[in-house]
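This report refers to the structure that appears directly beneath it.
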2 protein chains.
Amino acid sequence: MQAQEIAVNNLARRPWLTRTVSTRETSDPLTDAFKEVGRAVRFERNSEIQADGEPADYFYQVVSGAVRTYKVLDDGRRQISAFHLPGDVIELEASRNHRFSAETIAPSVIRVAKRSAIVALAERRPELANEIWRRTANDLQSAQEHMLLLGRKNAEERVASFLLEMADRSSTEGGVELPMSRQDIADYLGLTIETVSRSLTLLEGTSAIDRSGNRRIRLRNRSALQRLNG
Amino acid sequence: MQAQEIAVNNLARRPWLTRTVSTRETSDPLTDAFKEVGRAVRFERNSEIQADGEPADYFYQVVSGAVRTYKVLDDGRRQISAFHLPGDVIELEASRNHRFSAETIAPSVIRVAKRSAIVALAERRPELANEIWRRTANDLQSAQEHMLLLGRKNAEERVASFLLEMADRSSTEGGVELPMSRQDIADYLGLTIETVSRSLTLLEGTSAIDRSGNRRIRLRNRSALQRLNG
DNA sequence: CGGCCCGTTGAGTTGTGTCAAATGTTGTGG
DNA sequence: CCACAACATTTGACACAACTCAACGGGCCG
């Protein structure tokens, strides 16, 4: 039973591995559509998300795990535009230039559906079309919020905003279990890993947060973080 | 005829005042919908865009002029998320927190339509629903590109990218006529006006651009700018 | 002509990046 | 279960790109 115990421990420390769509959301038209015309694919950690086969546009829905979407400059500078958790939908284009712009952060199950299939369904179901648009508009709102962070917030404010965002999105109370590395956080916040680390140390120094393990963070003083959030 | 001459000169130097939707695009489902259920409103320079009357969500289409959308922090730091030129559609929510997040940059004519009216039309017209979504997805793509700029590009690269973007979006060949102030550019690029100014001087020094008047810029060496664009 | 606004230039400061080393964590094979 | 390797994170010292504050210049309008 030793092996069993270890497995349980690992899961306890990695809640995002088991949290799935069904446990978090009631069904919605897009999730339903994915179940109809999509298929579930399992991905390793750090694998590029793609549908094998001919180049075409796809929709992806995170079932379990976590995903980063990003853009890179020629010299390798990377900007992560969003993290995607279970339930989130990613729309990827079969782009000519940058072939991959989505990767798993943790072992993940992703439902994959051809864009054309979803679009065909949406033509016949206004509430599906509406749901797709609603989600895209939400993503746009988040992007606008993130541009404010990237363009106008300092390092400490960025990290505080990030922690609040992740806490809001995760179901666990009090603490956040971060599925991504410091490098991912840095590339999301437009900083370096060193600056992220220093900012965390700073926040810990003012008792705004507690750290138990690199990726488990407890928000001890939310209002202090909110103040930094702007 | 002196007054007439001055007016003509002014127009010649401010092409965005006369460039309208009809001269740039063939009709599309959303523009058609605006003509059906929207009304045109004239705004002064630097006015907050809003539909008067009860709080509700609206769509706006720029007919002539130019608009900035933005977010601000409590202490006044501002991030412009996009500039909108004739033909572009802005979706604004009757937000509880920040009441105004769109302002005209130049005297503008804006078509205003209630969100519910457009949505109702879209329920009956799949190609309209599709067009709305297509535009939102395009905005999201632009936002992702802009996050890369804000998070990972240096000042000179940001300004170069900005000039290329504006040149691509304006119909005039060779040169760009910028409708916005240096402060607007700075708040779009996540810089200060001084840094924008210095970057322009730098680009001029390397013969990448020419300046004739503060807001008229000629791209003399596009490939040099492209290289900075990444 | 004079005042005002906007943009540019200059000098000095500072927050974040860079480079390097130390420490902690995770995974693997014996 | 331990020992070691490989990797991730933190900490430190220093450099530099962009910011701040200030002065100057030019165009526009009354």
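Everything numeric here is computed off the predicted structure, so don't read it as measured data. Just so you know, these numbers use all the heavy atoms, side chains as well, and skip hydrogens, waters and symmetry mates. By convention in this document, chain letters (A, B, ...) are assigned in the order of the sequence lines, proteins followed by strands, and residues within each chain are numbered from 1.
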Quiz prompt | Chi angles and distances behind the side-chain hydrogen bond (donor to acceptor under 3.5 Å, both in side chains) call for H84(B), T69(B) | solution = CA-CA 8 Å; H84(B) 306 270; T69(B) 49; 3.0 Å; yes
Quiz item: Where along residues 150-159 of chain B does a heavy atom come under 4.0 Å from DNA chain C, residue by residue in number order?
Solution: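 Result for residues 150-159 of chain B: none.
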Exercise. Check DNA chain C against residues 184-196 of chain A and give the residues with a non-hydrogen atom under 4.0 Å, in numerical order.
Key: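 Of all residues in residues 184-196 of chain A, the ones placing a heavy atom under 4.0 Å from DNA chain C are G190(A), L191(A), T192(A), E194(A), T195(A).
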Quiz item: Can you check the N214(A) CG to dG24(C) P distance for me, whole Å?
Solution: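 In whole Å, dG24(C) P and N214(A) CG are 11 Å from each other.
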Practice problem: Can you tell me the distance, in whole Å, between the CZ atom of R45(A) and the C1' atom of dC7(D)? | Solution: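 Answer to the nearest Å: 10 Å.
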Quiz item: Between F34(A) and F59(A), what is the ring plane arrangement, given parallel below 30°, perpendicular above 60°, and tilted in between?
Solution: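 Rings of F34(A) and F59(A): tilted, as their planes differ by 30° to 60°.
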Quiz prompt | Global bending angle along the helix from dC1(C)-dG30(D) to dG30(C)-dC1(D), which compares the axes of five pairs at either end, to 10 degrees | solution =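 For the helix from dC1(C)-dG30(D) to dG30(C)-dC1(D), the axes at either end differ by 40°.
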Under-4.0 Å side-chain N/O to phosphate OP1/OP2 contact, [X] with [N]:
X	N	result
R182(B)	dT8(C)	yes
R211(A)	dT9(D)	no
R198(B)	dA17(D)	no

Quiz item: Is it true that a side-chain atom of S199(B) and a backbone atom of T195(B) form a donor plus acceptor pair closer than 3.5 Å?
Solution: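 Answer holds: yes.
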Self-check item: Minimum heavy-atom distance between Q50(B) and F43(B), given as atom pair plus value
Solution: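 Minimum heavy-atom contact is O-CZ, 3.9 Å.
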Practice problem: Return the minimal non-hydrogen interatomic distance between A102(A) and V67(A), and the atom names on each side. | Solution: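 In terms of heavy atoms, the two residues are closest at CB-CG1, 4.3 Å.
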